[in-house]
Amino acid sequence: MSARSSLSLLLVILYVVAFAQCQSDAPLKNSKRTLVVLDTFDYKVSHSKFFQQLTKKGHKLTYKLAFDQDIVLSKYDDYHFDNLIIISSSKRSSFGGELKYASALSKFVDNNAGNVFVVAGSSGLSKPLREFATENGVGFDDEGTSVIDHFNYDVNLDTSFRHTVVACNQVSQLPSSRVIRDAQKFVTKPILYSGLAISLDRHRNKLLLPILTGSSTSYSFDADQSGTNAEPSIRGRNTVLVGALQARNGARITFVGGSEVLSDKYFSSQVQSTQSSSGNEDFSNELISWSFQDRCVIRHSNVSHHLVVPSAVDAPGYYKVGELMDYSVIFEEWDGDSRKWVPFVTDDVQLELIMLHPYVRTDLKHVADGKYAARVKVPDTYGVFKLHVDYRRDGLSHLIFDDQITIRPTRIEEFERFVPAASPYYTIMFSTMATFFVFSTLFLYTREKPKTD
Amino acid sequence: MANENIFEIIAKLVENYKKDTPQKVKLIDLFIVFTGLTAAIQFVYRVLVGTFPLNAFLAAFFTCLSLLVFTVALRKQVNPATSGEFRVVPERAFGDYIFCCVLTFFVAMSYIG
């Protein structure tokens with residue numbers, strides 16, 4: 001009996017220790033097991049620098065052919081991989097192994113919060129990937145089309161003279177400044193791109209964000225059908241070349257319209273217009289560090305709220321209406337290079353006190369080391385309130401958290417007893433009583449004067 | 001009669017009141033005016049300053065009003081012109097009056113603070 005109880009105690013301790021370990025375990029995804037699914041192993045050669053970048057960032061790459069029947073993503077709901085890279089343009093309708101069903105990718109995102117990096121191959125995008133993209137509100141243009149820009153094309157690589165190798169050198173073409181930092185450097189080092197155009201339905205899906213877009217003169221069209229009058233379906237700034245979806249569980253799905261943008265050839269190409277090497281290597285470096293959650297992943301900790309008095313208890317059960325409260329929380333960002341959580345500093349965090357609708361909405365000011373604080377006067381309405389922080393920004397992982405507080409009304413003995421504002425009433429009360437006394441006395445002792453006339 | 005103006009009518013009224021009204025009733029009338037004015041002052045103060053604290057206002061204001069009502073009742077029972085309706089001796093009427101007022105004061109004092 002005692003042996004059994006001590007065993008169960010040991011189990012409990014083990015469990016607690018394991019749980020504590022889990023809590024302090026720094027990133028959401030500490031390991032970087034990455035499955036690379038390719039049409040042919042030729043990509044390993046043509047994209048060797050891209051794969052080197054991944055290895056340098058600590059990814060353990062496992063290569064598989066797309067139609068390999070032994071692709072296994074998970075066993076007993078335990079996933080073998082944290083990230084998935086697929087480069088495919090195959091015309092076959094389904095992949096092999098566990099990827100046979102298009103839903104496998106969605107499940108990988110939903111159940112595993114795994115990052116998916118989809119790249120269209122040199123001759124288009126394969127059908128299962130197209131389905132997966134459509135599920136996520138990402139529309140690739142039809143097979144055979146490509147992005148064309150007659151004003152910003154690269155002379156060296158554009159061997160077909162159809163202006164399908166686009167040079168991106170405008171800051172406005174990199175709209176997500178958190179994903180691709182320092183867009184300015186691509187002005188002198190353009191990003192070369194050729195491939196399909198993507199359209200993002202951002203009105204319906206707020207989780208989508210464009211990473212690299214075409215310039216205002218770009219459009220998507222079948223370059224062989226130059227004579228037709230049909231209008232291109234994707235054009236101008238809406239032409240997205242690289243886009244992403246950040247799922248609510250933090251997983252990031254990146255869509256790249258053409259595999260060339262990540263190829264060695266484009267990495268090392270010289271751009272004639274700016275007389276410099278291309279910016280593709282830097283772009284790819286930024287893109288994969290974001291896509292595989294090396295940065296822009298934030299978390300919160302140490303939520304604390306208490307009364308504004310010296311010896312206040314943390315997180316008291318009740319606040320009285322109108323009391324002053326101090327709220328603070330720590331925001332941290334994962335830094336993939338140093339593999340540490342570092343303070344996250346920004347100026348647009350807000351705190352809300354919500355009971356069905358927000359009663360108070362106030363700025364959380366950064367104090368020091370990622371600590372944000374606000375002094376709030378709790379509302380004059382009693383009830384159960386949420387201390388709600390909702391921080392969702394493009395490119396950052398979402399941070400939404402609540403704490404519950406109860407605001408109670410003033411108790412009967414807590415009201416002020418004698419208020420200066422009421423002094424006229426007190427005076428009148430006593431003067432009335434005094435006058436009443438005088439009146440009664442006079443009334444009793446008054447005699448009617450006898451009528452004289 | 002027709003060419004008498006309003007001031008003359010009022011002057012006559014006051015004169016008649018002075019002459020015909022018993023001394024006790026005059027005293028009662030004075031007290032009625034006092035309570036009425038006090039109530040009016042409080043109401044003006046409440047409008048200017050606000051309802052807080054409401055309990056103090058209610059206590060003092062309604063004390064004045066109820067005193068006014070009680071005193072009017074006393075006047076009817078004491079004034080020879082109207083006392084015929086009541087079969088109550090003036091001493092009994094005054095006793096009732098005192099009782100009601102003191103009771104009101106108790107209630108109001110416990111409510112005011």
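It should be emphasised that the depicted structure is a prediction, and the values quoted were computed from it without experimental measurement. Order of the sequence lines sets the chain letters (A, B, ...), proteins ahead of strands, with each chain counted from 1.
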Query raised in the report: Just wondering, more than 12 heavy atoms not from B:K26 lying within 6.0 Å of its NZ?
Result: yes
Report summary line: Note: B:T71 and A:F439 closest approach over all heavy atoms is CG2-CZ, 4.3 Å
Requested in this report: Against chain B, label A:F418 side chain, backbone, both or neither, depending on which of its atoms sit under 4.5 Å from a heavy atom there.
Outcome: side chain
Requested in this report: Assess whether atom CZ of A:R178 is packed by more than 12 heavy atoms of other residues, nucleotides or ligands within 6.0 Å.
Outcome: yes
Query raised in the report: What option among B:G50, B:P53, B:P90 has the most heavy-atom pairs under 4.5 Å with chain A?
Result: B:P53
Query raised in the report: Taking atom CZ of A:R248 as the centre, does the number of heavy atoms from other residues, nucleotides or ligands within less than 6.0 Å exceed 12?
Result: no
Query raised in the report: Which region of B:F61, side chain (C-beta onward) or backbone (N, CA, C, O), has a non-hydrogen atom less than 4.5 Å from a non-hydrogen atom of chain A, or is it both or neither?
Result: neither
Query - side chain to side chain donor-acceptor pair (under 3.5 Å) against B:Y17, all qualifying residues, sequence neighbours excluded - result: B:D29
**Report entry** Verdict with supporting geometry, B:F105 and A:F436, side-chain contact (heavy atoms from CB on, under 4.5 Å)
**Finding:** CA-CA 10 Å; B:F105 288 143; A:F436 168 76; 3.5 Å; yes
Query raised in the report: Within residues 421-433 of chain A, which positions have a heavy-atom distance to chain B below 4.5 Å?
Result: A:A421, A:A422, A:P424, A:Y425, A:Y426, A:I428, A:M429, A:F430, A:S431, A:T432, A:M433
Query raised in the report: To the nearest 0.5 Å, how far apart are NZ in B:K24 and CG in A:L444?
Result: 7.0 Å
Report summary line: dist B:L74:CG -> A:F443:CZ (nearest 0.5 Å) comes out at 4.5 Å
**Report entry** Over 12 foreign heavy atoms within 6.0 Å of CG, A:D402
**Finding:** yes
Query - A:Y382 atom OH, over 12 foreign heavy atoms within 6.0 Å - result: no
Query raised in the report: Side chain, backbone, both or neither: which part of B:L67 has a heavy atom under 4.5 Å from chain A?
Result: side chain
Report task. Count the heavy atoms belonging to other residues, nucleotides or ligands that lie under 6.0 Å from CZ of B:F86, then report whether that count exceeds 12. Result -> yes
Report task. For A:L356, look at atom CG and say whether over 12 heavy atoms of other residues, nucleotides or ligands are found less than 6.0 Å away. Result -> no
Query raised in the report: Relative to chain A, which segment of B:F34 carries a heavy atom at a distance below 4.5 Å: side chain, backbone, both, or neither?
Result: side chain
